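Counting starts at 1 for both ligands and their atoms, following the listed order. Quick caveat: nothing in here was measured; it's all calculated off a predicted structure.
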Amino acid sequence: MKQTLENLISAREIDQRLTELALELNKDYEGKTVSLICILKGGIMTLADISRKLTFDVEFDFMDISSYGDRMESSGIIKINKDLDTSVTGKHILLVEDIIDTGRTLVYVVEHLRMKRPESVKVLTLLSKPSRRIKGGITPDYVGFEIPDAFVVGYGLDYAQRYRNMPGIAALSMETPES
Ligand code: 5GP
């Protein structure tokens, strides 16, 4: 199967947008300590880059989940492979996401985090596909870029574990030999 990439967002545009979001976050969380929670592996670039622009105290923690579905769409049936290492009870949580597509994963993870009784839970996502959102979903508090309904890779996002190290975001299309 031939894979074709079409550049969507450059590394420079990502950096500029993260700087803007960090300015907002620095105002909203001034003087607070915030637990930045990242879901492995797609969100690691966003976490690493935005956290270095933050001026308030942060802690890092990570979750690893498996979402059942095909390679290109989540089903909402989620298994937690690794939960948080630290207690977040009474703390401010900022969930740092790579992409929100249908929003099924987010609903599950936010519900899971709320059960730990944090002081607050907010969501930052680098990318959002609003046209794909299911009803009853959660609206992210901070969005890097709204993108159309395309399968994207790069800057932490993969297809079958490939492309995570691309510095920008590209749309991936697959052509079968007969198409
Ligand atoms: P949702 O539950 O919102 O439908 O999907 C969220 C998860 O599906 C993301 O965290 C990501 O792992 C995966 N996903 C959704 N859309 C894309 C995409 O366009 N590219 C890649 N690489 N993963 C995606």
Side-chain angles (χ1 to χ4, degrees), residues 1-11 13-15 17-18 21 35-51 60-84 88 93-115 121-176 179:
M1 216 166 359
K2 191 172 167 242
Q3 300 183 7
T4 313
L5 293 172
E6 183 201 338
N7 290 333
L8 277 188
I9 307 168
S10 69
E13 286 167 324
I14 295 172
D15 184 60
R17 185 68 188 121
L18 291 185
L21 288 176
S35 187
L36 301 180
I37 293 175
C38 173
I39 300 175
L40 297 169
K41 302 167 186 156
I44 59 163
M45 303 292 188
T46 305
L47 174 75
D49 286 345
I50 198 150
S51 64
F60 284 8
D61 210 336
F62 298 88
M63 285 178 72
D64 181 24
I65 61 174
S66 307
S67 167
Y68 295 93
D70 63 30
R71 270 185 179 164
M72 291 180 133
E73 177 162 345
S74 73
S75 63
I77 303 166
I78 286 158
K79 182 179 154 228
I80 297 179
N81 302 320
K82 185 210 161 292
D83 204 344
L84 303 180
V88 288
I93 289 178
L94 180 64
L95 183 63
V96 178
E97 276 274 32
D98 48 2
I99 188 162
I100 302 174
D101 183 27
T102 63
R104 290 188 184 110
T105 307
L106 188 62
V107 167
Y108 181 91
V109 171
V110 167
E111 185 57 31
H112 176 79
L113 292 173
R114 287 211 172 112
M115 279 168 19
V121 183
K122 284 193 179 182
V123 178
L124 177 149
T125 185
L126 179 71
L127 304 172
S128 173
K129 296 184 204 167
S131 65
R132 297 261 306 151
R133 211 73 95 243
I134 51 162
K135 278 209 181 107
I138 291 170
T139 307
D141 302 276
Y142 306 92
V143 177
F145 301 91
E146 290 194 342
I147 59 166
D149 180 13
F151 188 82
V152 294
V153 293
Y155 196 73
L157 286 157
D158 74 311
Y159 176 69
Q161 301 303 325
R162 197 176 164 198
Y163 303 117
R164 288 193 200 277
N165 61 330
M166 271 176 24
I169 307 278
L172 175 71
S173 47
M174 238 104 47
E175 288 158 40
T176 46
S179 70

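- Contacts between D98 and ligand 1 below 4.0 angstrom, taking non-hydrogen atoms only, involve the side chain exclusively.
- Assignment of Y159 to the shell around ligand 1 is not supported, since no heavy atom sits closer than 4.0 Å.
- Close contacts between ligand 1 and L157 involve ligand atoms 21 (C), 22 (N), 23 (N) [criterion: under 4.0 Å to a heavy atom].
- Taken from CD1 in I37 to CG in L124, the straight-line distance is 13.0 Å, to the nearest 0.5 Å.
- The minimum heavy-atom distance between L106 and I100, with the atom names listed, is CD2-CD1, 3.4 Å.
- Counting atoms of ligand 1 from 1 in the listed order, those under 4.0 Å from a heavy atom of A150 are 19 (O).
- No side-chain donor-acceptor contact under 3.5 Å links R162 to the backbone of D158.
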Worked check of side-chain contact (heavy atoms from CB on, under 4.5 Å) between I39 and L95
CA-CA 8 Å; I39 300 175; L95 183 63; 4.2 Å; yes
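- Side-chain N/O atoms of E6 and S173 include no donor and acceptor closer than 3.5 Å.
- Under the 30°/60° scheme for interplanar angles, the aromatic rings of Y108 and H112 are found to lie parallel.
- Listed by number with element, the atoms of ligand 1 under 4.0 angstrom from any heavy atom of T105 are 1 (P), 2 (O), 5 (O), 6 (C).
- Considering backbone and side-chain atoms together, K129 places an N or O closer than 3.5 Å to an N or O of ligand 1.
- No part of S67 comes within 4.0 Å of ligand 1, judged by heavy-atom distances.
- Below 3.5 Å of separation, one finds an N or O of V152 facing an N or O of ligand 1.
- Comparing heavy-atom distances from atom 15 (C) of ligand 1 across I78, L40, D101 singles out D101 as nearest.
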Side-chain polar contacts of residues 136-153 - donor-acceptor pairs under 3.5 angstrom, sequence neighbours left out - could you list them?
from: D141; atom 1: OD2; to: V123; atom 2: N; distance (Å): 2.8
from: Y142; atom 1: OH; to: D28; atom 2: OD2; distance (Å): 2.6
from: Y142; atom 1: OH; to: K122; atom 2: NZ; distance (Å): 3.4

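- Across I100, I99, I169, D158, heavy-atom proximity to atom 14 (N) of ligand 1 is greatest for I99.
- Taking any N or O of G103, backbone or side chain, at least one lies under 3.5 Å from an N or O belonging to ligand 1.
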Can you list, pair by pair, the side-chain donor-acceptor contacts under 3.5 Å of residues 164-172, counting residues two or more places apart and other chains?
from: R164; atom 1: NE; to: Q161; atom 2: OE1; distance (Å): 3.4
from: R164; atom 1: NH1; to: G156; atom 2: O; distance (Å): 2.9
from: R164; atom 1: NH2; to: Q161; atom 2: OE1; distance (Å): 2.9

